[in-house]
Amino acid sequence: LERGKASTSSTHISNIEEVKSLLKRNSRKLKFVSIDASLIKIKDLVSVMQRAKIVVGIHGGQMANIVFAQADKNTSIIEVAGRQTYWKSYYYNGMSSNFDYHLVPRLCKSRGAMLHPNGADLKFKKCSSNIFVSIDDFNLALNKALEF
């Protein structure tokens, strides 16, 4: 689940192409589909989500679309989240309790240090162009999801 270019969110991932590349390379026989849920018809969105083996998304409203995924099909959810990783993502962790659920940190580099950006970091633009997904953590979650 991808955030579209029209999104007003300040939490775009700077290495999203690296994440997509990793998904394409490691998905074996699975078909990789990138969707912006705000741009497709609801029936098409439901169809994609019902067939999904692995759903990857950045913490936010589009992750609510996991309600259309099929828990009985061994679907895995990989959520990329920032400060929520300190106490787990209480929204989608709960919604995905019937799925194989993985939380991957969204990090930023500020003054040479890697950190979980909080609201103030984002508001004061400390992390505005340095938000990224930890590829090592993402790869670990993806490998676990592929085993499920």
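Closest non-hydrogen pair, His102 versus Ala145, comes out as NE2-N, 3.9 Å. Closest non-hydrogen pair, Ala37 versus Asn65, comes out as CB-ND2, 3.4 Å. Thr75 and Ala52 get closest at one heavy-atom pair: OG1-O, 3.1 Å. Closest approach of Gln62 to Gly57, counting heavy atoms only: NE2-C, 4.4 Å.
Expressed to the nearest 0.5 Å, how far CZ of Phe68 lies from CG of Leu45 amounts to 6.0 Å. Interatomic distance, NZ of Lys41 versus OG of Ser47, reported as 13.0 Å (0.5 Å rounding). With rounding to the nearest 0.5 Å, the separation of CG in Asn143 from CZ in Phe148 is 15.5 Å. The CG atom of Leu1 lies 10.5 Å from the CD atom of Glu79; values are rounded to the nearest 0.5 Å.
Remark: side-chain polar atoms of Asn15 are paired, donor with acceptor, to backbone N or O of Val133 under 3.5 angstrom. Within the 3.5 Å criterion, the main-chain N or O of Ile135 finds no donor-acceptor partner in the side chain of Asn139. Of the possible polar contacts, none joining the Lys73 side chain to the Lys53 backbone as a donor-acceptor pair under 3.5 Å is found.
A salt bridge links Glu17 with Lys20: the closest approach of a Lys/Arg side-chain nitrogen to an acidic carboxylate oxygen falls below 4.0 angstrom.
Between Phe99 and Val55, every side-chain heavy-atom pair lies at or beyond the 4.5 Å cut-off. Side-chain contact between Leu146 and Ile54 is present, with heavy atoms from C-beta onward closer than 4.5 Å. Inter-residue side-chain proximity for Leu23 and Phe138 is flagged as met; some heavy-atom pair is nearer than 4.5 Å. Side-chain atoms of Arg25 and Leu22, non-hydrogen and from C-beta on, do get closer than 4.5 Å to each other. Glu147 is not listed as a side-chain neighbour of Asp100, based on a closest heavy-atom distance of 4.5 Å or more. Side-chain contact check for Ile77 versus Met63: some heavy-atom pair is nearer than 4.5 Å.
No path of Ile, Leu, Val, Met, Phe, Trp and Tyr side chains, each step under 4.5 Å between heavy atoms, connects Leu140 with Tyr101, placing them in separate hydrophobic clusters. Grouping the Ile, Leu, Val, Met, Phe, Trp and Tyr side chains by contacts below 4.5 angstrom, directly or via other members, places Phe32 with Leu30.
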- Task: Would you check, one step at a time, whether the test side chain to side chain donor-acceptor pair (under 3.5 Å) holds for Ser134 with Asp136?
- Result: CA-CA 5 Å; Ser134 165; Asp136 290 340; 5.5 Å; no

